[in-house]
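Working notes, beginning with the structure itself.
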Amino acid sequence: MKKLNRKLLPAFRRRVFRMVSVGVVDDPINACYDIVSTLALLVNLIAAFAVTFDGAREAHGVLLGRIEAVTVAFFALDYVLRLFTANNLYPDLPEWPSLRRYVFSFDGLIDLLSFLPYYLPFFFPAGAAVFRLFRIARIFRLFRINAYYDSLNVITEVIVSKKQQLLSSVFIISVLMLASSLCMYSLEHDAQPDVFKNAFSGIWWSVSTLLTVGYGDIYPITPLGKFMSILITFLGVLMVAIPTGIISAGFVEQYSTFKRIGDYAREEDLDFVHVELSPRDAWVGKCIKDLQLPRGVIIAVIRRGSDIVVPRGDVVLKASDRIILCAEALRDQAPVALKEITLRRNHDWNGRAIRDLDISRQTYIVMVRRRGTMLVPHGSLVLLEGDNVILYSKERLPHEAKIPVN
């Protein structure tokens, strides 16, 4: 019984992980869970906005309260399922470190804050107002929609790639804000002791002025203060334009890169392959010149974190490097017909090593795709439910899907 449980639990955990993973819709249950999760979030946010209107609260207050209770309970269940499958999210870590990493990750904290503030007032009534403030964190769950749209991920990539420049601009704005607040306090305190009471009053004025908002609740009245205000307002326009220009340039650069690679591939009839190195890969620690790549295959780009590394011969590859390989596409040759089989629950290959499969000599497995990761089909590799097995065979196989390779 214990052996059976040890075998069934990992399979069940993988099944749950695929269900709660956003964007994995290869199964009706997974697709349904994604739809329910998205609808629960949207309905919860609509109810949260509706309850702020007096008319809606008086007419439908009970209904809105029940909607919030049901959707928050779903968020709590979703959090428990993600705790249960944390080891599948971070397969390179042991059980408890992977659980800890998810709990303290951005997604984990947002998932926790999406339901915990709703229940805390039952135990700590005095902090109900503060707990309601934390419910705003639910709106950040909308970022999970990025998994459906690769174009939205460009925003994250631009911010990460330009983070040094953005931090520098924020630092400059902070220094200018502090300097202008102290300067204005010195110029206006004697004339307006009730308005510019301290340095914090100056900071509030400098923030509203530098960010070109200008609420008008605090403003200089002395000639020298007004002159200084004009200079700081002009500097504010320039300072706010810096991060805007950085992000705009990042978008142009990112889309230009995608377009250039795509156009080059069409013009030269080339194929590009994306590979991410793991610590156990044979290429890790080797120079590019020592890789002995096949003729016609080159390394086009190496992405290391947020940096782009030029693939010179003396560059040493590291774990987690993302490599784009380039090769000339096949031309004037007969296409190779590969076949793909998705292992469902009752498939005979589930739980069996490749060497133990009963397949003919006219069939061989080319690759195994597992949760978005490509695995080399060595003989000891055990196939699991949900694996996509790509193979070449001259025979007709059940449940196959053909993949033409030109």
Side-chain angles (χ1 to χ4, degrees), residues 1-24 26-27 29-30 33-34 37 75-116 137 140-141 143-144 146-147 156 160 274-286 303-306 316-323 343 345 349-356 367-389:
M1 181 64 69
K2 290 183 177 179
K3 290 183 178 179
L4 183 62
N5 290 336
R6 283 198 297 266
K7 184 177 180 180
L8 293 178
L9 182 61
F12 176 70
R13 183 178 290 182
R14 284 192 299 270
R15 183 71 182 85
V16 174
F17 175 70
R18 293 181 65 83
M19 183 182 71
V20 300
S21 297
V22 178
V24 180
D26 57 346
D27 185 271
I29 295 178
N30 298 348
Y33 188 88
D34 269 11
S37 179
F75 297 153
L77 174 63
D78 181 79
Y79 184 74
V80 173
L81 294 178
R82 293 181 187 279
L83 290 177
F84 177 65
T85 59
N87 192 237
N88 297 85
L89 183 62
Y90 304 104
D92 297 333
L93 297 177
E95 186 79 23
W96 287 107
S98 62
L99 185 65
R100 185 170 60 250
R101 184 169 179 179
Y102 166 71
V103 169
F104 292 102
S105 66
F106 176 78
D107 288 341
L109 292 175
I110 294 302
D111 292 340
L112 180 64
L113 292 176
S114 63
F115 74 90
L116 188 61
F140 290 104
R141 292 174 67 99
F143 284 117
R144 287 215 172 102
N146 278 8
T156 305
V160 171
H274 178 274
V275 178
E276 183 170 353
L277 298 182
S278 68
R280 293 175 294 180
D281 286 331
W283 284 8
V284 174
K286 290 186 176 181
R303 185 160 190 172
R304 184 168 296 165
S306 59
V316 178
L317 299 178
K318 299 180 180 180
S320 300
D321 280 355
R322 286 177 286 177
I323 300 173
L343 302 187
R345 180 174 300 175
W349 291 2
N350 282 339
R352 299 180 63 183
I354 291 179
R355 67 165 66 96
D356 299 329
M367 182 173 54
V368 177
R369 183 169 56 214
R370 179 175 298 167
R371 298 195 303 273
T373 303
M374 302 301 179
L375 304 178
V376 178
H378 51 77
S380 60
L381 178 63
V382 177
L383 300 178
L384 303 175
E385 179 186 348
D387 285 352
N388 296 96
V389 181

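All values reported here derive from a predicted model rather than from experimental measurement.
Taking all atoms of both residues into account, the shortest heavy-atom contact from Leu109 to Phe104 is CD1-O, 4.1 Å. Nearest heavy-atom pair, Val316 versus Asp321, reported as atom, atom and distance to 0.1 Å: O-OD2, 4.5 Å. Summarising the geometry of Thr85 relative to Phe17, their closest heavy-atom pair is CG2-N, 3.6 Å, with the distance given to 0.1 Å. Scanning both residues, Trp349 and Val389, for their nearest heavy atoms gives CZ3-CG1, 4.1 Å.
Here the side chain of Ser105 pairs a donor or acceptor atom with the backbone of Gly108 at under 3.5 angstrom.
For the atom pair CD1 of Ile29 and CG of Asp34, the computed distance is 12.5 Å after rounding to the nearest 0.5 Å. Note that the CG atom of Leu112 and the OH atom of Tyr102 stand 8.5 Å from one another [nearest 0.5 Å]. Of the inter-residue distances, the one linking Asn87 atom CG with Leu93 atom CG reads 8.0 Å to the nearest 0.5 angstrom. Atom CG of residue Asp107 and atom CZ of residue Arg82 lie 8.0 Å apart, to the nearest 0.5 angstrom. Annotation: the span from Phe84 atom CZ to Leu99 atom CG amounts to 11.5 Å, rounded to 0.5 Å. In this structure, Ser37 OG and Leu77 CG are separated by 10.5 Å, a value rounded to the nearest 0.5 Å.
In this view, Leu384 and Arg14, Arg370, Val382, Asp387 satisfy the side-chain contact (heavy atoms from CB on, under 4.5 Å) rule, not counting sequence neighbours. Residues forming a side chain to side chain donor-acceptor pair (under 3.5 Å) with Arg101 (at least two apart in sequence, or on another chain): none. By the ring-ring contact (aromatic ring centres under 6.0 Å, His included) test, Phe115 pairs with Tyr79, sequence neighbours left out.
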